[in-house]
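A, B, ... follow the sequence lines: proteins, then strands. Residue 1 opens every chain.
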Number of protein chains: 2
Amino acid sequence: MIQTDLIKGSLKTVVLKLLQENGRMYGYEITRRVEELTSGRIKLTYGALYPVLHKLENEGVLVTESENFNNRIRIYYSLTDKGHSVVAEKIEEMKIFIESLQNIINPQPRLTNA
Amino acid sequence: MIQTDLIKGSLKTVVLKLLQENGRMYGYEITRRVEELTSGRIKLTYGALYPVLHKLENEGVLVTESENFNNRIRIYYSLTDKGHSVVAEKIEEMKIFIESLQNIINPQPRLTNA
DNA sequence: TTGCAATATATAATCTTCTTATATATTTAA
DNA sequence: TTAAATATATAAGAAGATTATATATTGCAA
């Protein structure tokens, strides 16, 4: 990740959202897409990404298919049925979280009852 | 913290922002204010909050004044000059981070050039 | 033809950060 | 008199990230 510790905790949701959006993706592609969507501001590290992908697979949220492309292995990840409902929940959580942060960052001026 | 792992990494920024907004605050007050601003969605834990406050003090970002209120010690924290510029940076980072997350959560449909 | 950048996945060691549990102590309301 | 609210603090452990390292192919430039 780049320049900020803020991303901690949101990686899983980000990955799941991209898979929901794109059907299936391989690890390298996911990091590319995140850079693209964030104008290079967020760069996923593989040391974080692959363990997360493996964990989600073990939890039955993702399934994999290996394919050969130009003699390079690509491991495609896609959501299971369970995965689809998990994404929906995670996205809701994230929206509420973002709202909460915004209430802190741009607070309504307090009424002078204090 | 409540119900979501999303908050990881943003605690420091949240604390600093509140101090910028309110002049000086004590630990307990900070947790109250965060609950208030987020409608109870984010509850800071003291096990996370106090170590962060102490760390920020050691870094010269905060200073403390102890006061006695109803036989209870209150330790007020406020920003140093350095602290004020640190908040400004952190807030900028957080705004960009939130923007980035929103680009991922609500992506513009991709033009079919891929 | 050699070497570097890009493509592609993976794991171990380490660090940071958070949660949970525990401790202490006063005031206030039931 | 007892529990909830107020107030701070730290240790142990878990979770999640970074950094470093490993391996291997393709394609482009020098």
Side-chain angles (χ1 to χ4, degrees), chain A residues 1-16 24-36 40-59 62 64-77 90 93-94 97 114, chain B residues 1-16 24-36 40-59 61-62 64-77 90 93-94 97 101 114:
Chain A
M1 308 277 200
I2 209 171
Q3 39 121 324
T4 163
D5 329 275
L6 293 170
I7 303 95
K8 319 216 176 209
S10 56
L11 176 57
K12 197 179 284 186
T13 304
V14 165
V15 167
L16 291 173
R24 66 172 206 172
M25 301 177 87
Y26 52 100
Y28 188 76
E29 187 185 10
I30 291 173
T31 68
R32 286 280 98 121
R33 186 75 180 123
V34 169
E35 281 184 55
E36 197 186 326
R41 292 198 191 91
I42 299 180
K43 288 184 207 284
L44 305 187
T45 61
Y46 302 113
L49 178 63
Y50 287 113
V52 162
L53 288 170
H54 300 331
K55 202 186 166 200
L56 289 171
E57 192 186 359
N58 287 333
E59 290 170 358
L62 302 180
T64 60
E65 332 159 55
S66 292
E67 278 181 30
N68 223 292
F69 182 80
N70 271 356
N71 278 329
R72 283 196 209 92
I73 291 168
R74 278 185 182 172
I75 301 176
Y76 283 96
Y77 296 86
K90 289 273 180 195
E93 266 183 34
M94 182 171 275
F97 171 61
Chain B
M1 309 277 199
I2 210 169
Q3 39 123 323
T4 162
D5 326 277
L6 292 169
I7 302 95
K8 318 214 177 213
S10 56
L11 176 57
K12 198 177 284 186
T13 305
V14 165
V15 167
L16 291 173
R24 66 172 206 171
M25 300 178 87
Y26 51 101
Y28 188 76
E29 187 186 9
I30 292 173
T31 68
R32 286 280 98 120
R33 186 78 181 121
V34 168
E35 282 184 55
E36 197 187 327
R41 291 197 191 91
I42 300 181
K43 288 184 207 287
L44 305 187
T45 61
Y46 301 114
L49 177 62
Y50 287 112
V52 162
L53 288 171
H54 299 332
K55 203 185 165 200
L56 290 171
E57 191 187 0
N58 287 333
E59 290 170 358
V61 174
L62 302 181
T64 59
E65 331 159 57
S66 293
E67 279 182 30
N68 224 291
F69 183 79
N70 271 357
N71 278 329
R72 282 195 211 92
I73 292 168
R74 278 184 184 171
I75 301 177
Y76 282 96
Y77 296 86
K90 289 274 179 193
E93 268 184 31
M94 183 171 274
F97 171 62
L101 281 188

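- Between B:Thr45 and C:dT19 there is a side-chain N or O to OP1 or OP2 distance below 4.0 Å.
- Between A:Tyr28 and the phosphate of C:dT7, there is a side-chain N or O to OP1/OP2 separation shorter than 4.0 Å.
- Here the P atom of nucleotide D:dA9 and the OH atom of B:Tyr26 are 14 Å apart, to the nearest Å.
- Between B:Arg74 and D:dT6, a side-chain N or O to OP1/OP2 separation shorter than 4.0 Å is absent.
- Atom CG in B:Leu44 sits about 15 Å away from atom P in D:dA9, given to the nearest Å.
- Between A:Arg33 and A:Glu36 there is a salt bridge, since at least one side-chain N of the basic residue sits less than 4.0 Å from a carboxylate O of the acidic one.
- A salt bridge links A:Glu35 with A:Lys43: the distance from a Lys NZ or Arg NE/NH1/NH2 to an Asp or Glu carboxylate oxygen falls below 4.0 Å.
- At C:dT7, none of the side-chain N or O atoms of A:Asn70 fall inside 4.0 Å of OP1 or OP2 (strictly under the cut-off).
- Each of A:Arg72 and A:Gly47 has a nearest nucleotide on DNA chain C; the 5'-most of these lies closest to A:Arg72.
- At the phosphate of C:dT19, neither OP1 nor OP2 sits under 4.0 Å from any side-chain N or O atom of B:Lys43.
- In this model, the phosphate group of C:dT16 is not approached by any side-chain N or O of B:Lys12 to a distance below 4.0 Å at OP1 or OP2.
- Heavy-atom distances to DNA chain D give each of B:Arg32 and A:Lys55 a nearest nucleotide, and the one nearer the 5′ end belongs to B:Arg32.
- Here the P atom of nucleotide D:dA17 and the CZ atom of B:Phe97 are 11 Å apart, to the nearest Å.
- We find that CG of B:Leu49 is positioned 11 Å from P of C:dT19, with the value rounded to whole Å.
- Contact annotation: B:Tyr50 reaches the phosphate of D:dT8 (side-chain N/O to OP1 or OP2, under 4.0 Å).
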task: Go through the steps to decide whether A:Tyr46 and A:Tyr28 satisfy the test side chain to side chain contact (heavy atoms under 4.5 Å, CB included), and finish with yes or no.
output: CA-CA 8 Å; A:Tyr46 302 113; A:Tyr28 188 76; 3.2 Å; yes
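- Protein atom CD1 of B:Ile30 is 13 Å distant from nucleotide atom P of D:dA7, rounded to whole Å.
- Between A:Tyr46 and C:dA8, a side-chain N or O to OP1/OP2 separation shorter than 4.0 Å is absent.
- Screening A:Thr64, A:Val15, A:Asn58 for a side-chain contact (heavy atoms from CB on, under 4.5 Å) involving A:Leu53 leaves a single residue, A:Val15.
- Between A:His54 and the phosphate of C:dT11, there is a side-chain N or O to OP1/OP2 separation shorter than 4.0 Å.
- Atom CD1 of B:Ile73 is separated from atom C1' of D:dA5 by 17 Å (rounded to the nearest Å).
- A straight line from CG of B:Asn58 to P of D:dT10 spans 11 Å, rounded to a whole angstrom.
- Of all nucleotides listed (C:dA8, D:dT8, D:dG16), C:dA8 comes nearest to the side chain of A:Phe69.
- Using a 4.0 Å cut-off between charged side-chain N and carboxylate O, A:Glu65 and A:Arg24 make a salt bridge.
- In this entry the distance linking CG of B:Leu53 with C1' of C:dC18 reads 15 Å, nearest Å.
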